[in-house]
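Residue numbers count from 1 along this sequence.
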Amino acid sequence: MEKEKLIEEITRLKKERNAIIMAHNYQLPEVQDIADFLGDSLELARKAVNVDADVIVFAGVDFMAETAKILNPEKTVLIPARGATCAMANMLTVKHILEAKKEYPDAPVVLYVNSTAETKALADVTVTSANAAKVVSKLDSDVVIFGPDKNLGHYVAKMTGKKIIPVPPNGHCYVHRKFTLEDVERARKLYPNAKLMVHPECEPEVQEQADIIVSTGGMIKRAPEWNEWVVFTEREMVYRLQKLYPNIKFHPAREDATCIGMKAITLQHVYESLRDMKYRVEVPKETAEKARKAIERMLEMS
Ligand code: 13P
Ligand code: SF4
(Lines give C-alpha, C1' and ligand atoms only; values in the text may rest on other atoms or scores of the structure.)
(Ligands and ions follow the chains in the order given, each with its own letter.)
Protein backbone atom coordinates (compact mmCIF):
# COMPACT_ATOMS: atom_id res chain seq x y z
CA MET A 1 0.00 0.00 0.00
CA GLU A 2 1.19 3.56 -0.75
CA LYS A 3 2.32 5.64 2.23
CA GLU A 4 -0.58 8.13 1.89
CA LYS A 5 -3.12 5.32 1.74
CA LEU A 6 -1.54 3.64 4.79
CA ILE A 7 -1.80 6.88 6.78
CA GLU A 8 -5.42 7.29 5.68
CA GLU A 9 -6.26 3.75 6.79
CA ILE A 10 -4.44 4.17 10.11
CA THR A 11 -6.40 7.37 10.79
CA ARG A 12 -9.68 5.65 9.92
CA LEU A 13 -8.95 2.56 12.05
CA LYS A 14 -7.79 4.68 14.97
CA LYS A 15 -11.20 6.35 15.09
CA GLU A 16 -13.07 3.09 14.62
CA ARG A 17 -11.16 1.38 17.46
CA ASN A 18 -10.93 4.46 19.69
CA ALA A 19 -7.17 3.97 19.69
CA ILE A 20 -4.14 6.12 20.44
CA ILE A 21 -0.66 5.62 18.99
CA MET A 22 2.16 6.12 21.48
CA ALA A 23 5.73 6.06 20.19
CA HIS A 24 9.27 6.28 21.52
CA ASN A 25 11.72 8.87 20.23
CA TYR A 26 13.80 6.15 18.49
CA GLN A 27 11.01 5.06 16.15
CA LEU A 28 11.41 5.33 12.37
CA PRO A 29 10.53 8.82 11.07
CA GLU A 30 7.40 7.48 9.30
CA VAL A 31 6.14 6.11 12.64
CA GLN A 32 7.11 9.22 14.63
CA ASP A 33 5.12 11.29 12.13
CA ILE A 34 1.81 9.48 12.77
CA ALA A 35 2.13 9.15 16.56
CA ASP A 36 -0.40 10.85 18.84
CA PHE A 37 2.15 10.97 21.60
CA LEU A 38 5.94 10.77 21.33
CA GLY A 39 8.30 10.66 24.26
CA ASP A 40 11.04 9.11 26.36
CA SER A 41 10.39 6.15 28.66
CA LEU A 42 9.28 8.30 31.59
CA GLU A 43 6.99 10.53 29.52
CA LEU A 44 5.43 7.45 27.92
CA ALA A 45 4.86 5.81 31.32
CA ARG A 46 3.30 9.01 32.67
CA LYS A 47 1.09 9.37 29.62
CA ALA A 48 -0.01 5.73 29.90
CA VAL A 49 -1.59 6.47 33.30
CA ASN A 50 -4.12 8.86 31.80
CA VAL A 51 -4.90 7.48 28.38
CA ASP A 52 -8.40 8.32 27.26
CA ALA A 53 -8.80 5.54 24.67
CA ASP A 54 -9.78 1.87 24.57
CA VAL A 55 -6.72 0.74 22.66
CA ILE A 56 -3.06 1.77 22.94
CA VAL A 57 -0.89 0.93 19.95
CA PHE A 58 2.58 1.08 21.40
CA ALA A 59 5.33 1.78 18.89
CA GLY A 60 8.37 1.07 21.00
CA VAL A 61 10.02 -2.00 22.49
CA ASP A 62 8.31 -4.68 24.55
CA PHE A 63 9.19 -3.44 28.05
CA MET A 64 7.58 -0.07 27.23
CA ALA A 65 4.39 -1.72 25.97
CA GLU A 66 4.35 -3.96 29.05
CA THR A 67 4.65 -0.89 31.29
CA ALA A 68 1.66 0.67 29.52
CA LYS A 69 -0.33 -2.56 30.02
CA ILE A 70 0.65 -2.81 33.70
CA LEU A 71 -0.57 0.75 34.27
CA ASN A 72 -3.73 0.13 32.22
CA PRO A 73 -4.77 -3.48 32.83
CA GLU A 74 -8.30 -2.90 31.53
CA LYS A 75 -7.14 -1.47 28.18
CA THR A 76 -6.02 -3.30 25.10
CA VAL A 77 -2.33 -2.67 24.47
CA LEU A 78 -0.93 -3.70 21.08
CA ILE A 79 2.69 -3.89 19.97
CA PRO A 80 2.85 -3.80 16.17
CA ALA A 81 5.82 -6.19 15.65
CA ARG A 82 6.98 -9.28 17.49
CA GLY A 83 10.67 -8.44 17.07
CA ALA A 84 10.38 -5.15 18.95
CA THR A 85 12.44 -6.12 21.95
CA CYS A 86 15.16 -4.50 24.07
CA ALA A 87 18.34 -6.57 24.18
CA MET A 88 19.40 -4.93 27.44
CA ALA A 89 16.13 -5.69 29.23
CA ASN A 90 16.53 -9.34 28.30
CA MET A 91 19.96 -9.53 30.00
CA LEU A 92 18.53 -9.37 33.51
CA THR A 93 16.95 -12.50 35.03
CA VAL A 94 15.06 -13.17 38.25
CA LYS A 95 18.01 -15.33 39.33
CA HIS A 96 20.46 -12.38 39.12
CA ILE A 97 18.25 -10.35 41.45
CA LEU A 98 17.68 -13.16 43.96
CA GLU A 99 21.42 -13.84 44.15
CA ALA A 100 22.21 -10.16 44.76
CA LYS A 101 19.48 -9.99 47.40
CA LYS A 102 21.02 -12.93 49.22
CA GLU A 103 24.31 -11.06 49.42
CA TYR A 104 22.79 -7.62 50.19
CA PRO A 105 19.50 -8.38 51.94
CA ASP A 106 18.97 -4.80 53.14
CA ALA A 107 19.69 -3.08 49.81
CA PRO A 108 16.66 -1.91 47.83
CA VAL A 109 16.29 -3.27 44.30
CA VAL A 110 16.14 -0.43 41.78
CA LEU A 111 15.38 -1.45 38.22
CA TYR A 112 15.70 0.55 35.05
CA VAL A 113 12.35 0.37 33.22
CA ASN A 114 14.35 -1.37 30.48
CA SER A 115 13.61 -4.68 32.20
CA THR A 116 11.02 -7.46 31.89
CA ALA A 117 7.76 -7.37 33.87
CA GLU A 118 8.90 -10.52 35.66
CA THR A 119 12.00 -8.78 37.05
CA LYS A 120 10.12 -5.55 37.78
CA ALA A 121 7.91 -7.61 40.08
CA LEU A 122 10.97 -8.01 42.34
CA ALA A 123 11.88 -4.31 42.33
CA ASP A 124 11.27 -1.84 45.14
CA VAL A 125 11.17 0.93 42.60
CA THR A 126 11.81 1.40 38.88
CA VAL A 127 13.66 4.31 37.29
CA THR A 128 14.23 5.71 33.81
CA SER A 129 17.30 7.55 32.58
CA ALA A 130 15.39 10.80 33.21
CA ASN A 131 14.92 10.25 36.96
CA ALA A 132 17.36 7.53 38.10
CA ALA A 133 19.67 9.80 40.10
CA LYS A 134 16.76 11.65 41.71
CA VAL A 135 14.94 8.49 42.77
CA VAL A 136 18.07 6.74 44.11
CA SER A 137 19.11 9.85 46.05
CA LYS A 138 15.75 9.74 47.87
CA LEU A 139 16.12 6.11 48.97
CA ASP A 140 16.95 5.49 52.59
CA SER A 141 19.98 3.26 51.87
CA ASP A 142 23.59 3.87 50.83
CA VAL A 143 23.78 0.56 48.99
CA VAL A 144 21.46 -0.16 46.08
CA ILE A 145 21.04 -3.20 43.85
CA PHE A 146 20.71 -1.67 40.39
CA GLY A 147 20.17 -3.13 36.94
CA PRO A 148 20.31 -3.96 34.15
CA ASP A 149 22.38 -1.05 32.78
CA LYS A 150 25.83 -0.88 34.31
CA ASN A 151 26.58 2.47 32.65
CA LEU A 152 23.43 4.12 34.01
CA GLY A 153 24.44 2.58 37.36
CA HIS A 154 27.83 4.27 37.05
CA TYR A 155 26.13 7.61 36.36
CA VAL A 156 23.79 7.17 39.34
CA ALA A 157 26.71 6.26 41.65
CA LYS A 158 28.55 9.37 40.54
CA MET A 159 25.55 11.65 41.03
CA THR A 160 24.39 10.23 44.37
CA GLY A 161 27.61 8.97 46.02
CA LYS A 162 25.84 5.67 46.76
CA LYS A 163 27.26 2.18 46.26
CA ILE A 164 25.71 0.43 43.28
CA ILE A 165 25.60 -3.36 43.08
CA PRO A 166 25.10 -4.05 39.36
CA VAL A 167 22.76 -6.83 38.25
CA PRO A 168 23.70 -8.54 35.98
CA PRO A 169 27.44 -7.82 36.40
CA ASN A 170 27.79 -6.43 32.88
CA GLY A 171 24.36 -5.34 31.61
CA HIS A 172 24.58 -2.92 28.71
CA CYS A 173 22.95 -1.56 25.57
CA TYR A 174 24.76 -2.68 22.41
CA VAL A 175 23.69 0.51 20.62
CA HIS A 176 25.15 2.92 23.18
CA ARG A 177 28.20 0.76 23.73
CA LYS A 178 29.25 1.55 20.16
CA PHE A 179 30.22 5.12 21.07
CA THR A 180 33.93 5.50 21.84
CA LEU A 181 36.46 8.22 22.55
CA GLU A 182 37.32 8.13 18.84
CA ASP A 183 33.77 9.26 18.08
CA VAL A 184 34.23 12.11 20.56
CA GLU A 185 37.50 13.11 18.90
CA ARG A 186 36.00 12.95 15.40
CA ALA A 187 32.99 14.99 16.50
CA ARG A 188 35.23 17.67 17.98
CA LYS A 189 37.28 17.87 14.78
CA LEU A 190 34.30 17.93 12.42
CA TYR A 191 32.11 20.25 14.49
CA PRO A 192 34.35 22.44 16.65
CA ASN A 193 31.46 24.70 17.69
CA ALA A 194 29.19 21.85 18.76
CA LYS A 195 28.47 20.62 22.27
CA LEU A 196 27.96 16.95 23.08
CA MET A 197 24.67 15.54 24.38
CA VAL A 198 25.19 12.03 25.71
CA HIS A 199 22.74 9.37 26.89
CA PRO A 200 23.68 7.82 30.26
CA GLU A 201 23.69 4.36 28.65
CA CYS A 202 27.01 5.34 27.01
CA GLU A 203 30.30 4.11 28.47
CA PRO A 204 31.72 6.07 31.45
CA GLU A 205 34.67 7.47 29.43
CA VAL A 206 32.22 8.90 26.87
CA GLN A 207 30.00 10.28 29.64
CA GLU A 208 33.05 12.12 30.99
CA GLN A 209 33.39 14.03 27.71
CA ALA A 210 29.74 15.14 27.64
CA ASP A 211 28.46 18.68 27.97
CA ILE A 212 25.16 17.25 29.13
CA ILE A 213 24.19 13.69 30.14
CA VAL A 214 20.47 13.28 29.57
CA SER A 215 17.60 10.96 28.66
CA THR A 216 16.09 11.41 25.21
CA GLY A 217 13.41 13.63 26.78
CA GLY A 218 16.19 15.63 28.45
CA MET A 219 17.83 16.10 25.04
CA ILE A 220 14.62 17.69 23.77
CA LYS A 221 14.26 19.95 26.80
CA ARG A 222 17.86 21.15 26.81
CA ALA A 223 18.63 21.44 23.09
CA PRO A 224 17.63 25.15 22.97
CA GLU A 225 20.55 25.92 25.34
CA TRP A 226 22.98 25.83 22.37
CA ASN A 227 22.92 26.16 18.57
CA GLU A 228 24.83 23.01 17.55
CA TRP A 229 24.97 19.53 19.08
CA VAL A 230 26.51 16.13 18.44
CA VAL A 231 24.06 13.49 19.59
CA PHE A 232 25.34 10.35 21.36
CA THR A 233 22.33 8.08 21.26
CA GLU A 234 20.23 6.07 18.80
CA ARG A 235 20.34 7.75 15.38
CA GLU A 236 16.60 8.49 14.99
CA MET A 237 16.86 10.94 17.87
CA VAL A 238 18.45 13.35 15.41
CA TYR A 239 15.32 13.23 13.23
CA ARG A 240 13.17 13.97 16.27
CA LEU A 241 15.35 16.88 17.42
CA GLN A 242 15.80 18.38 13.95
CA LYS A 243 12.06 18.36 13.31
CA LEU A 244 11.40 20.13 16.61
CA TYR A 245 14.21 22.65 16.21
CA PRO A 246 14.89 23.42 12.54
CA ASN A 247 17.20 26.31 13.48
CA ILE A 248 19.54 24.25 15.65
CA LYS A 249 22.15 21.95 14.08
CA PHE A 250 22.22 18.30 15.20
CA HIS A 251 24.76 15.69 14.07
CA PRO A 252 24.62 11.98 14.89
CA ALA A 253 27.84 10.88 16.61
CA ARG A 254 27.57 7.65 14.60
CA GLU A 255 25.31 6.78 11.68
CA ASP A 256 25.27 3.12 12.68
CA ALA A 257 23.87 3.55 16.20
CA THR A 258 20.64 1.74 15.37
CA CYS A 259 18.40 -0.19 17.74
CA ILE A 260 17.13 -3.22 15.86
CA GLY A 261 14.19 -3.67 18.23
CA MET A 262 12.99 -0.11 17.71
CA LYS A 263 13.35 -0.44 13.94
CA ALA A 264 11.25 -3.61 13.85
CA ILE A 265 8.11 -1.44 13.59
CA THR A 266 7.09 0.13 10.28
CA LEU A 267 4.02 2.07 9.16
CA GLN A 268 2.72 -1.13 7.55
CA HIS A 269 2.99 -2.90 10.94
CA VAL A 270 1.08 -0.10 12.67
CA TYR A 271 -1.67 -0.41 10.07
CA GLU A 272 -1.84 -4.22 10.39
CA SER A 273 -1.79 -3.93 14.16
CA LEU A 274 -4.90 -1.74 14.15
CA ARG A 275 -6.57 -3.77 11.42
CA ASP A 276 -6.07 -7.18 13.08
CA MET A 277 -5.80 -6.02 16.72
CA LYS A 278 -2.38 -7.63 17.10
CA TYR A 279 -0.12 -8.28 18.93
CA ARG A 280 -1.87 -8.10 22.30
CA VAL A 281 0.44 -7.42 25.23
CA GLU A 282 -0.47 -9.50 28.28
CA VAL A 283 1.19 -9.58 31.69
CA PRO A 284 0.17 -12.24 34.25
CA LYS A 285 -2.00 -10.62 36.94
CA GLU A 286 0.21 -11.36 39.94
CA THR A 287 3.37 -10.16 38.15
CA ALA A 288 1.57 -7.05 36.93
CA GLU A 289 0.32 -6.14 40.41
CA LYS A 290 3.81 -6.36 41.93
CA ALA A 291 5.46 -4.55 39.01
CA ARG A 292 2.81 -1.81 39.15
CA LYS A 293 3.78 -0.97 42.72
CA ALA A 294 7.42 -0.43 41.68
CA ILE A 295 6.41 1.71 38.68
CA GLU A 296 3.90 3.77 40.67
CA ARG A 297 6.49 4.38 43.36
CA MET A 298 8.78 5.79 40.67
CA LEU A 299 6.03 8.06 39.36
CA GLU A 300 5.39 9.33 42.89
CA MET A 301 9.07 9.92 43.63
CA SER A 302 10.00 11.79 40.46
P1 13P B 1 14.96 7.17 27.23
O2 13P B 1 14.12 6.92 28.46
O3 13P B 1 16.02 8.18 27.46
O4 13P B 1 14.11 7.50 26.06
O5 13P B 1 15.75 5.85 26.92
C6 13P B 1 15.17 4.65 26.56
C7 13P B 1 16.12 3.75 25.93
O8 13P B 1 15.80 2.64 25.63
C9 13P B 1 17.43 4.25 25.67
O10 13P B 1 18.15 3.33 24.94
FE1 SF4 C 1 17.17 -1.32 24.57
FE2 SF4 C 1 19.41 -0.16 23.73
FE3 SF4 C 1 17.34 -0.37 22.09
FE4 SF4 C 1 17.25 1.33 24.17
S5 SF4 C 1 18.61 1.45 22.37
S6 SF4 C 1 15.62 -0.07 23.52
S7 SF4 C 1 18.41 0.15 25.70
S8 SF4 C 1 18.56 -2.08 22.97
Anything under 3.5 Å between a donor and an acceptor, one on a side chain of residues 76-89, the other on a protein residue two or more places apart or in another chain? List them.
residue	atom	partner	partner atom	Å
Thr85	OG1	Asp62	OD1	3.4
Thr85	OG1	Asp62	OD2	2.6
Thr85	OG1	Asn90	ND2	3.1

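- The minimum heavy-atom distance linking Lys134 with Met301 is given by the pair CE-O, 4.2 Å.
- When every heavy atom of Ser302 is checked against every heavy atom of Asn131, the shortest pair comes out as OG-ND2, 3.2 Å.
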task: Determine, stepwise, if the pair Lys47 / Ile20 fulfils side-chain contact (heavy atoms from CB on, under 4.5 Å).
output: CA-CA 11 Å; Lys47 179 73 185 171; Ile20 180 177; 4.2 Å; yes

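- For Tyr239, the side-chain hydrogen bond (donor to acceptor under 3.5 Å, both in side chains) partners are Asp33, not counting sequence neighbours.
- Annotation for Ser215 and Asp40: closest pair OG-OD2, 3.1 Å, computed over non-hydrogen atoms.
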- prompt: Does the pair Thr258 and Glu234 meet the rule for a side-chain contact (heavy atoms from CB on, under 4.5 Å), with working shown?
  reply: CA-CA 6 Å; Thr258 306; Glu234 215 271 352; 4.0 Å; yes

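- Sorted by first and then second residue, the ring-ring contact (aromatic ring centres under 6.0 Å, His included) pairs involving residues 161-210 (not counting sequence neighbours) are His176-His199, Phe179-Phe232, Tyr191-His251.
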query: Should Met197 and Thr233 be marked as a side-chain contact (heavy atoms from CB on, under 4.5 Å) after you check the CA-CA gap, both sets of side-chain angles, and the distance that decides it?
result: CA-CA 8 Å; Met197 45 170 66; Thr233 193; over 6 Å; no

task: Applying side-chain contact (heavy atoms from CB on, under 4.5 Å), run through Arg17 and Val57 and close with a yes or a no.
output: CA-CA 11 Å; Arg17 309 270 193 223; Val57 178; over 6 Å; no

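- A donor-acceptor contact closer than 3.5 angstrom is absent between the side chains of Tyr271 and Thr266.
- Listed by chain and number, the residues in a side-chain hydrogen bond (donor to acceptor under 3.5 Å, both in side chains) with Gln209 are Arg188 (sequence neighbours excluded).
- Closest non-hydrogen pair, Pro166 versus Lys150, comes out as CB-CG, 4.3 Å.
- When only modelled atom types and interatomic distance are considered, Asn151 and Glu201 share no side-chain donor-acceptor pair under 3.5 Å.
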Could you pull out every donor-acceptor pair under 3.5 Å between side chains of residues 3-14 and any protein atom, sequence neighbours left out?
residue	atom	partner	partner atom	Å
Glu9	OE1	Arg12	NH2	2.8
Glu9	OE2	Arg12	NE	3.4
Thr11	OG1	Ile7	O	2.6
Arg12	NH1	Glu16	OE1	2.9
Lys14	NZ	Asp36	OD1	2.9
Lys14	NZ	Asp36	OD2	3.3

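- Nearest approach of Asp256 to Lys178, heavy atoms of both residues: O-NZ, 2.8 Å.
- With sequence neighbours left out, the side-chain hydrogen bond (donor to acceptor under 3.5 Å, both in side chains) criterion links Asn25 to Thr216, Arg240.
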